Amino acid sequence: MRLLVLWVFACCLLKTAREIIRIMYVRHESWWQSAAILVAFVLSWTFVTTIILSACVMFHLVCNLQIIHFEDYGKLLERESDVVVLLQEHARLRYYLSKISHRFRIYLLLQFVIVTINQFLTLFQTTGYKGIITFINGGDFAVSSIVQVVGTILCLNAAAKISHRAQGIGALASRWHALMTCTATESSQLRTSNSMANLETAYKSGSFNNDYSESDLESLDFITAPTNVQLASYMSSYHKRLALVMYLQANPGGITIFGWTVDRSLINTIFFIQLSLVTFVLGKTIVVTAE
């Protein structure tokens, strides 16, 4: 809400300044009529701008809520060792992301296309204009362009942020797998070394006599080495964690638009497309003649 109020207020100030300057140069019959026209223009423009930015801020808010869920999943990795629970939780997060992508993909695609076409035509008209461009005749283009670019940046920022957070889950899972593996290995080695140290101490102190009974020998067998059941359980846990890590790395998730994940690479692609369009327009409208 604060983000919406901040941008609407800033754009409203620019629009009001533009209308005041226009009224100062374009005089009407009375100042009351000029003031009424000013208020009508500013209110109508503020209403339209609020609707446009509200949709962008809503998408930004939805993505930020999902980022909180991914942070909770990272905390779950620190305290949970059950692979099935982690797998089910990640599947639930991916389901939420797919629903968000499905509901907002038309809106995001139309916004990118409409803003691109609008900026393309605005740049074409501005560079092809033969007269002098001032804040009076070009102020509306500038303010409208600012609103459109701000809305696009809000959507791209939110989508890219949640996509990178979803892709970072694989790194967290890899660290969790490494810590669990090292901890289990160190604890097993510690138990084995403690058992051997106790045996050596008892042997040096003379606690063991030469006449061992059969029950004593059986008890020594259980102390010195882990059983096959424990080894199989450890290997099973290891392979489960490894399978979870490979699954998370192969299925990162994120906000998608008809299969295209909105991340840093897609933003770079959009930037170079816009740069190509700008270069094309400038090449068609700006001509340098040699005297």
Side-chain angles (χ1 to χ4, degrees), residues 55-113 116 151-186 231-274:
C56 301
V57 171
M58 181 181 296
F59 177 75
H60 191 273
L61 177 61
V62 171
C63 291
N64 284 333
L65 291 176
Q66 294 304 313
I67 290 176
I68 296 176
H69 291 166
F70 276 100
E71 291 177 354
D72 294 337
Y73 186 79
K75 296 178 181 178
L76 183 64
L77 282 173
E78 297 177 357
R79 66 175 186 270
E80 184 64 46
S81 60
D82 191 358
V83 176
V84 178
V85 174
L86 297 174
L87 185 61
Q88 292 176 349
E89 184 67 19
H90 187 265
R92 185 175 64 86
L93 292 177
R94 287 205 64 193
Y95 173 76
Y96 290 157
L97 291 181
S98 65
K99 296 295 290 184
I100 294 173
S101 301
H102 181 73
R103 292 177 180 178
F104 283 94
R105 61 184 180 181
I106 299 295
Y107 167 74
L108 293 176
L109 183 61
L110 289 178
Q111 184 181 19
F112 296 156
V113 172
T116 300
T152 305
I153 290 175
L154 287 176
C155 294
L156 286 177
N157 180 41
K161 186 184 296 184
I162 192 174
S163 296
H164 289 301
R165 189 62 60 90
Q167 294 171 1
I169 291 296
L172 292 177
S174 300
R175 186 181 64 181
W176 166 76
H177 175 49
L179 290 176
M180 293 291 291
T181 303
C182 295
T183 303
T185 304
E186 290 176 358
L231 183 60
S233 177
Y234 169 76
M235 294 303 297
S236 176
S237 300
Y238 174 83
H239 287 299
K240 287 181 180 179
R241 295 194 303 268
L242 182 60
L244 177 63
V245 172
M246 295 178 64
Y247 169 78
L248 294 179
Q249 291 178 349
N251 301 274
I255 300 297
T256 59
I257 302 177
F258 295 102
W260 293 85
T261 303
V262 184
D263 53 2
R264 188 178 290 109
S265 60
L266 183 61
I267 293 177
N268 291 333
T269 304
I270 294 175
F271 172 76
F272 283 108
I273 290 175
Q274 301 290 335

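Keep in mind that this is a model prediction, so the values were computed, not measured. One is the number of the first residue; the rest follow in order along the sequence. The figures here come from the full heavy-atom set of this structure, side chains too, leaving out hydrogens, waters and symmetry mates.
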Hits for side-chain hydrogen bond (donor to acceptor under 3.5 Å, both in side chains) against Ser98, two or more places apart or cross-chain, chain-then-number order -> none
side-chain hydrogen bond (donor to acceptor under 3.5 Å, both in side chains) filter on Arg103, not counting sequence neighbours, yields none
When rounded to the nearest 0.5 Å, the distance separating OH of Tyr95 from CD1 of Ile100 is 11.0 Å
Applied to residues 81-90, the salt bridge (charged side-chain N to carboxylate O under 4.0 Å, His left out) test, sequence neighbours excluded, yields Glu89-Arg92
Practice problem: Evaluate the side-chain contact (heavy atoms from CB on, under 4.5 Å) criterion for residues Thr261 and Leu266: first the C-alpha distance (whole Å), next the side-chain angles of each, then the deciding distance (0.1 Å), finally the verdict. | Solution: CA-CA 7 Å; Thr261 303; Leu266 183 61; over 6 Å; no
Hits for salt bridge (Lys or Arg N to Asp or Glu O under 4.0 Å) against Arg175, two or more places apart or cross-chain, chain-then-number order -> none
So ring pair (Phe, Tyr, Trp, His ring centres under 6.0 Å) across residues 57-85, not counting sequence neighbours, yields Phe59-Phe104, Tyr73-His90
The reported gap from OG1 in Thr116 to CD in Gln111 (rounded to nearest 0.5 angstrom) is 9.5 Å
Contacts of Tyr107 meeting side-chain hydrogen bond (donor to acceptor under 3.5 Å, both in side chains) (sequence neighbours excluded), chain-then-number -> none
Distance col, row Met58:CE vs Cys63:SG, nearest 0.5 angstrom, shows 12.5 Å
dist Trp260:CH2 -> Leu109:CG (nearest 0.5 Å) comes out at 12.5 Å
In terms of heavy-atom contacts, Leu77 and Trp176 come closest through O-CD1, 2.9 Å
Salt bridge (Lys or Arg N to Asp or Glu O under 4.0 Å) filter on Arg105, not counting sequence neighbours, yields none
Under 3.5 Å, which donor-acceptor pairs do the side chains of residues 248-259 form with other protein atoms, sequence neighbours left out?
from	atom 1	to	atom 2	distance (Å)
Gln249	NE2	Ser174	OG	2.9
Asn251	OD1	Arg94	NH1	3.4
Asn251	ND2	Tyr247	O	3.1

Does Ile270 form a side-chain contact (heavy atoms from CB on, under 4.5 Å) with Leu156? I'd like the steps, not just the answer. CA-CA 10 Å; Ile270 294 175; Leu156 286 177; 4.3 Å; yes
Smallest heavy-atom separation, Arg264 atom then His164 atom, equals N-NE2, 3.3 Å
Residue set satisfying side-chain contact (heavy atoms from CB on, under 4.5 Å) with Ile67, at least two apart, ordered chain then number -> Asn64, Glu71, Lys161, Ile162, Arg165
- Query: Under the 3.5 angstrom rule, does the side chain of Ser163 hit a backbone N or O of Asp263 as a donor-acceptor pair?
  - Reply: no
